[in-house]
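I have a structure I would like to understand better, so I am pasting it below and will then ask my questions one at a time.
Here is the naming used below: chain letters follow the sequence lines, and residue numbers restart at 1 for every chain.
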Number of protein chains: 2
Amino acid sequence: MKVNFFHQQLQFSRAFKKALNKQLSEAGLFHSQWLVLYCIKKQQPVPLVEISNYLDVEKPTISRTIKRLEEQKLVEAVPGADKRERRICLTETGENSYEKGQEIVFQFEKKLAAEISEADMETTLNTILSLKNKLKKEEIN
Amino acid sequence: MKVNFFHQQLQFSRAFKKALNKQLSEAGLFHSQWLVLYCIKKQQPVPLVEISNYLDVEKPTISRTIKRLEEQKLVEAVPGADKRERRICLTETGENSYEKGQEIVFQFEKKLAAEISEADMETTLNTILSLKNKLKKEEIN
DNA sequence: TGAAATTAGTTACCTAGTTAACTACATATG
DNA sequence: CATATGTAGTTAACTAGGTAACTAATTTCA
């Protein structure tokens, strides 16, 4: 049973992203783009490396996502004290896209989780966090 | 809290795949390759479309993975009655890689799940299955 | 039986993640 | 101060997922 869990977990996460991407296309966004907008919104102007740390996604991935968001005029860089840094902000269009995305994600997750009890959700979240933590620890060895 | 769950879930699934891929490199395999070998092992000679259905991964993705496995001489196609089909089998090398991968995956998952109680694991699995099911149903609308 | 619809698989092109190797700037230390 | 080390970000090349549009073989059914 334990073995099957991980397979199911991965399958769910793919299905989840697929479905959410479909919803988010309404706002002209992909899920990964929305996540980055979310990070920027929370602590703009934010250097790229902080987004990478927060999302636990490697820098080149974030770099590429930011590049596309810049092309779509959703974000822009402002100069910082440290010349290596590129501190990123939302544009006005970016703020709008973020808000739209936020609403879509919120409704989607709410609807999806509706039938799960609070208690089960908590147990499940704790299990996931615990597994995630274990992975981090293993990494060191 | 519910909102955070999905984020954590996705982060875990990325971390999980990353760590497992690292382990599997010992056997010269990627996780997705191992999954496909697993399907083939269970019901060879198996047409590509059945792997796609079982793993719930689109056909072009499976097609590409099979192509690489063929290049590595881990699998081969045998002719079937239906001329559209390509029924896939493991080669002897493929059987070996599968066995190696199987052991690595088993040990990895066992170690990872070690500290989670049976009860919590069951709750978590049921939650995931329930969410997965809900996604499938939504899809129809 | 012949035309239409379905199915298996592929190709091309997109997003999203990874690692490895690099540049340019900043900081620490001899 | 000069050098070494560390850090922010990029580039290139890979795996892994997706959709859309296609070919060729098979079924359906009028």
Side-chain angles (χ1 to χ4, degrees), chain A residues 10-25 28-37 45-72 74-75 77-88 135 139, chain B residues 10-25 28-37 45-72 74-75 77-88 135 139:
Chain A
L10 287 177
Q11 285 209 327
F12 168 67
S13 102
R14 258 190 314 105
F16 175 85
K17 257 206 302 195
K18 194 171 165 180
L20 186 47
N21 270 331
K22 204 169 174 182
Q23 297 292 311
L24 276 171
S25 69
L29 291 174
F30 292 96
H31 177 240
S32 60
Q33 294 182 320
W34 183 79
L35 277 180
V36 169
L37 290 184
V46 59
L48 205 140
V49 69
E50 274 187 42
I51 304 175
S52 166
N53 289 336
Y54 179 76
L55 296 179
D56 193 26
V57 163
E58 300 297 329
K59 285 189 296 173
T61 307
I62 302 297
S63 189
R64 191 214 282 139
T65 302
I66 294 282
K67 200 169 92 189
R68 285 176 192 156
L69 290 171
E70 281 179 315
E71 283 162 9
Q72 295 177 250
L74 300 182
V75 307
V78 298
D82 188 329
K83 281 178 191 167
R84 291 168 305 177
E85 280 184 355
R86 298 207 315 121
R87 301 188 85 93
I88 311 293
L135 272 182
E139 212 169 89
Chain B
L10 288 177
Q11 285 209 326
F12 168 67
S13 100
R14 260 192 311 107
F16 175 86
K17 258 205 302 194
K18 194 171 165 180
L20 186 46
N21 270 330
K22 203 169 174 181
Q23 297 292 311
L24 276 171
S25 70
L29 290 174
F30 292 96
H31 177 240
S32 61
Q33 293 182 322
W34 183 78
L35 276 181
V36 169
L37 290 184
V46 60
L48 205 138
V49 69
E50 273 186 43
I51 304 175
S52 166
N53 288 336
Y54 179 76
L55 296 179
D56 193 24
V57 163
E58 299 297 328
K59 286 188 296 174
T61 305
I62 302 297
S63 187
R64 191 216 282 138
T65 302
I66 295 283
K67 200 170 93 187
R68 284 176 192 154
L69 290 171
E70 281 178 317
E71 282 162 10
Q72 292 176 253
L74 300 182
V75 306
V78 298
D82 187 330
K83 280 177 191 166
R84 291 169 306 177
E85 279 184 357
R86 297 210 313 121
R87 302 189 85 94
I88 310 293
L135 273 182
E139 211 170 89

Of the nucleotides D:dG17, C:dT18, D:dT11, which one has an atom closest to the side chain of B:Ser32?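 Nearest to the side chain of B:Ser32 among the choices is D:dG17.
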From CG of B:Asn53 over to C1' of C:dT6, roughly how many Å is that when rounded to an integer?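 Those two atoms, CG and C1', are 14 Å apart.
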Separation of C:dT23 C1' from A:Arg86 CZ (nearest whole Å):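 Atom CZ in A:Arg86 sits about 15 Å away from atom C1' in C:dT23.
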Enumerate, atom names and distances included, each donor-acceptor pair closer than 3.5 Å involving a side-chain atom of residues 57-69 of chain A, sequence neighbours excluded.
| residue | atom | partner | partner atom | Å |
| --- | --- | --- | --- | --- |
| A:Glu58 | OE2 | B:Lys18 | NZ | 2.8 |
| A:Thr65 | OG1 | A:Thr61 | O | 3.1 |

To the nearest 0.5 Å, what is the distance between OG (A:Ser13) and CD (A:Gln11)?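 CD of A:Gln11 is found 9.5 Å from OG of A:Ser13.
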Using a cut-off of 4.0 Å on non-hydrogen atoms, how would the nucleic acid contact of A:Lys59 be classed: base, sugar-phosphate, or nothing?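 Touches a base.
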Shortest side-chain distance from B:Arg68, nucleotide among D:dT15, D:dT19, C:dA26: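 For B:Arg68, the side-chain atoms sit closest to D:dT15.
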Residues that B:Phe30 engages under ring-ring contact (aromatic ring centres under 6.0 Å, His included), provided they are two or more places apart: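 Result, ring-ring contact (aromatic ring centres under 6.0 Å, His included) vs B:Phe30: none returned.
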Please work out which of the three classes, parallel, tilted or perpendicular, describes the rings of A:Phe16 and A:Phe12, given edges at 30° and 60°.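 Tilted, since the angle between the ring planes falls between 30° and 60°.
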How many Å lie between CZ on B:Arg14 and P on D:dT15, as a whole number?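 Roughly 20 Å, once rounded to whole Å.
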Determine the contact category for B:Glu58: base if any of its heavy atoms lies under 4.0 Å from a base atom, sugar-phosphate if only primed atoms, P, OP1 or OP2 are that close, otherwise nothing.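 It contacts base atoms.
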Within this structure, what is the NZ-to-P distance between B:Lys22 and C:dG17, rounded to whole angstrom?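 Taking NZ of B:Lys22 and P of C:dG17, I get 19 Å after rounding.
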Whole-Å gap separating C1' (D:dG17) and CD (A:Gln11):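 To the nearest whole Å, that distance equals 13 Å.
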Using a 4.0 Å heavy-atom cut-off across all strands, classify B:Pro47 as base, sugar-phosphate, or nothing.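 B:Pro47: backbone/sugar contact only, no base atoms under 4.0 Å.
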Rounded to whole angstrom units, what separation is found between the CG atom of A:Asn21 and the P atom of C:dC14?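 In whole Å, C:dC14 P and A:Asn21 CG are 17 Å from each other.
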Closest to the B:Arg84 side chain, choosing from D:dG18, D:dT15, C:dT7: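 In terms of side-chain proximity for B:Arg84, the closest of D:dG18, D:dT15, C:dT7 is C:dT7.
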Base, sugar-phosphate or nothing for B:Arg64? Non-hydrogen atoms, less than 4.0 Å.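 Base: the residue B:Arg64, judged by heavy atoms under 4.0 Å, touches a nucleobase.
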Between C:dT18 (P) and A:Asp56 (CG): distance, integer Å: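 To the nearest whole Å, that distance equals 7 Å.
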Stepwise, does the side chain to side chain contact (heavy atoms under 4.5 Å, CB included) test hold for A:Leu10 with B:His31? CA-CA 11 Å; A:Leu10 287 177; B:His31 177 240; 3.2 Å; yes
Take B:Gln33 and A:Arg87, find for each the nucleotide of DNA chain D with the closest heavy atom, and name the residue whose nucleotide sits nearer the 5' end.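 It is A:Arg87, whose closest nucleotide lies nearer the 5' terminus.
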Categorize B:Asp82 for me: base, sugar-phosphate, or nothing, with a 4.0 angstrom heavy-atom threshold over every strand shown.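 The answer is sugar-phosphate, as B:Asp82 gets under 4.0 Å only of primed atoms, P, OP1 or OP2.
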Counting the atoms with a prime plus P, OP1 and OP2 as sugar-phosphate, which does A:Ala19 contact under 4.0 Å by heavy atoms, base, sugar-phosphate, or nothing?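 A:Ala19: no heavy atom of the nucleic acid under 4.0 Å.
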More 5' along DNA chain C: B:Pro60 or A:Thr61, using each one's nearest nucleotide?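 Nearest-nucleotide comparison on DNA chain C picks B:Pro60.
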Mind calculating the distance between CD1 (A:Ile88) and P (D:dA8) to the nearest angstrom?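 The answer, rounded to whole Å, is 14 Å.
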